[in-house]
Amino acid sequence: MSFITGVGLTPFGKHEGSSSLDLMSKAAQAALDDAGLKRSDIDGILCGYSTVSPHIMLATVFAEHFGIRPSYAHAVQVGGATGLAMTMLAHHLVTSGVARNVLVVAGENRLTGQSRDASIQALAQVGHPDYEVPLGPTIPAYYGLVATRYMHEYGVTEEDLAEFAVLMRAHACTHPGAQFHDPITVAEIMASKPVAMPLKLLDCCPVSDGGAAFVVSRERTGETGVRIRGCAQAHTHQHVTAAPALSELGAEISIARAKEASGLAISDVRYAAIYDSFTITLAMLLEDLGLAGRGEAAARVRSGHFSRDGAMPLNTHGGLLSYGHCGVGGAMAHLVEAHLQMTGRAATRQVRDASIALLHGDGGVLSSHVSMFLERVR
Ligand SMILES: CC(=O)CC(=O)SCCNC(=O)CCNC(=O)[C@H](O)C(C)(C)COP(=O)(O)OP(=O)(O)OC[C@H]1O[C@@H](n2cnc3c(N)ncnc32)[C@H](O)[C@@H]1OP(=O)(O)O
C-alpha cells in the first residue's frame with residue numbers, strides 16, 4: 001500500500017525574484033511539514049521539469065539545493081501528465097520496497113523568469129521538431145484544432161466551452177492562492193480576444209509562477225490517511241496529426257486500466273480533479289472518463305453538478321484555468337486540493353464527502369494520460 005502523507009502548494013501568479021528551485025523548495029518544505037517528516041526521512045525524490053531551468057540532472061540539482069541525499073532520484077517528463085506519472089512511480093517505489101518516503105515536487109518561475117519568446121518556444125516543443133518548433137505555434141493552436149473537430153462531432157458550442165471557465169473561476173474566487181479572483185461570465189469569455197479559434201483568451205490557462213509537492217509513503221501518518229488505490233497510464237501519440245480518432249482517445253484507455261487496477265467504478269467517485277489546460281480539455285476529458293455523456297458535460301456544469309456543493313465537485317481550487325498553470329506543478333495543485341478535501345482541511349471550499357477521488361492528467365495534446373483513484377482511510 002502507499003499513502004500521500006503530506007501536501008504543499010504555493011500561491012500561483014507572480015513570484016518576482018524566486019527561481020524554479022526556490023519555488024520547488026518552498027512547496028517541498030510545506031509538504032514535509034504537513035507530513036510531519038524531516039528532510040532526513042526522505043529517501044526518494046521525483047521532480048518535474050522546469051522549462052526555465054532545463055537542467056539534465058534536475059533531480060540531483062534539487063536534492064543538493066534542498067539538502068537531501070536520496071537513495072533514488074529521477075526527473076520525469078511527460079508534459080502535463082508528469083505530476084500524476086511521478087505519483088504513480090512513487091507508488092511503485094514505496095510498494096516495491098525501494099523507498100520509504102518519496103518527495104514528489106515541481107515548481108517553475110515560468111511567468112517572471114522567462115521571456116515571452118522563450119516561453120512560446122518551450123511550449124512549441126509538443127509540435128513536430130522539424131516544422132512547428134522553429135515556426136513556434138503554441139499549444140493553444142493544437143487544442144484549437146481539436147476543439148473544432150470535437151464541437152463538430154458532438155454539437156458542442158463556444159458558449160458550452162465557456163461554462164467550464166466560468167466554473168473554474170467561481171472556484172478560484174474562494175481560494176486565496178489562486179492567480180485570478182474576479183468572477184467571469186460566458187459573455188465576457190465570448191468577448192475576450194481570439195487566441196486560437198474557437199479558443200479565446202479566457203478559454204486558456206494562463207502562464208504562472210508556482211510550486212507544488214507531496215510525499216508518498218509506505219506508512220500512513222495522522223488519523224485520516226489518503227491511499228493511492230489504483231492508477232494507470234495510456235500513451236497514444238506525440239504529434240496531434242498522429243492522434244487517433246476522437247472515439248479512441250487515451251483517456252478512455254487509461255481510465256479503463258485504472259478502474260481495473262483499483263477495483264473501483266466511476267459511480268464510486270465523490271470528487272474529481274481533472275486536467276483543464278483549456279476549456280476543451282476539460283469538456284473532452286470529463287466525457288472520455290465517463291463523468292458526463294458525449295456532448296453533455298456543459299449541461300452538467302450549468303445544472304451545478306460539478307460545483308463545490310454539487311454531486312461531483314470538480315477542481316475546487318480553480319484548476320489550471322484559474323488557480324494557474326506553472327508547468328508540472330499546475331496539475332499537481334489538483335492533487336494537493338484533492339488531498340485537502342479528502343482530509344477535511346479545505347476551509348470554506350470543503351465539500352460534503354470526498355471519500356473517493358478520481359484524478360486525471362493529460363500531457364502534450366491529449367497524448368499521454370494518467371488516471372488515478374485515491375481513497376480516504378480512517
Ligand atoms: C504541455 C502539456 O503537456 C499539456 C499542457 O499543459 S497544455 C497547456 C500549456 N500552457 C499553455 O499553453 C499556456 C496557454 N496560455 C498562453 O499561452 C497565454 O496565456 C495566452 C496566449 C492565452 C495569452 O497570452 P498573451 O496574449 O501574451 O497575454 P498577456 O499579454 O500575457 O496578458 C494580457 C492580460 O491577460 C491576462 N491573461 C493572460 N493569459 C490569461 C489567461 N489564460 N486567462 C486569463 N487571463 C489571462 C494577463 O494576466 C494580462 O492581464 P493584465 O493586463 O491585467 O496584466
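Hydrogens, waters and symmetry mates play no part in the numbers below; they use all other heavy atoms, side chains included. Read the numbers this way: they start at 1 and go in the same order the structure lists the ligands and their atoms.
- By the 30° and 60° cut-offs, the orientation of the rings of His325 relative to Tyr275 is perpendicular.
- Residues Glu219 and Arg100 are in side-chain contact: their nearest non-hydrogen atoms beyond the backbone lie under 4.5 Å apart.
- Checking each of Val215, Asn101, Leu103 against Asp41 for a side-chain contact (heavy atoms from CB on, under 4.5 Å) leaves exactly one that passes, namely Asn101.
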Could you go through ligand 1 and list every pair where one of its N or O atoms sits under 3.5 Å from a protein N or O, giving the atom names and the distance to one decimal?
from     : atom 1 : to     : atom 2 : distance (Å)
ligand 1 : 3 (O)  : Gly80  : N      : 2.7
ligand 1 : 3 (O)  : Gly364 : N      : 2.6
ligand 1 : 6 (O)  : Tyr275 : OH     : 2.4
ligand 1 : 6 (O)  : His325 : NE2    : 2.8
ligand 1 : 15 (N) : Cys205 : O      : 2.9
ligand 1 : 26 (O) : Lys193 : NZ     : 2.5
ligand 1 : 27 (O) : Arg116 : NH1    : 3.0
ligand 1 : 30 (O) : Arg116 : NH2    : 3.2
ligand 1 : 42 (N) : Cys204 : O      : 2.7
ligand 1 : 42 (N) : Cys205 : O      : 3.0
ligand 1 : 42 (N) : Pro206 : N      : 3.2

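- Residues Phe214 and His339 place their aromatic rings such that the two centres sit no closer than 6.0 Å.
- You'll find the ring centres of His239 and Tyr142 inside the 6.0 Å limit.
- The aromatic rings of Tyr154 and Tyr150 sit tilted, their planes meeting at an angle between 30° and 60°.
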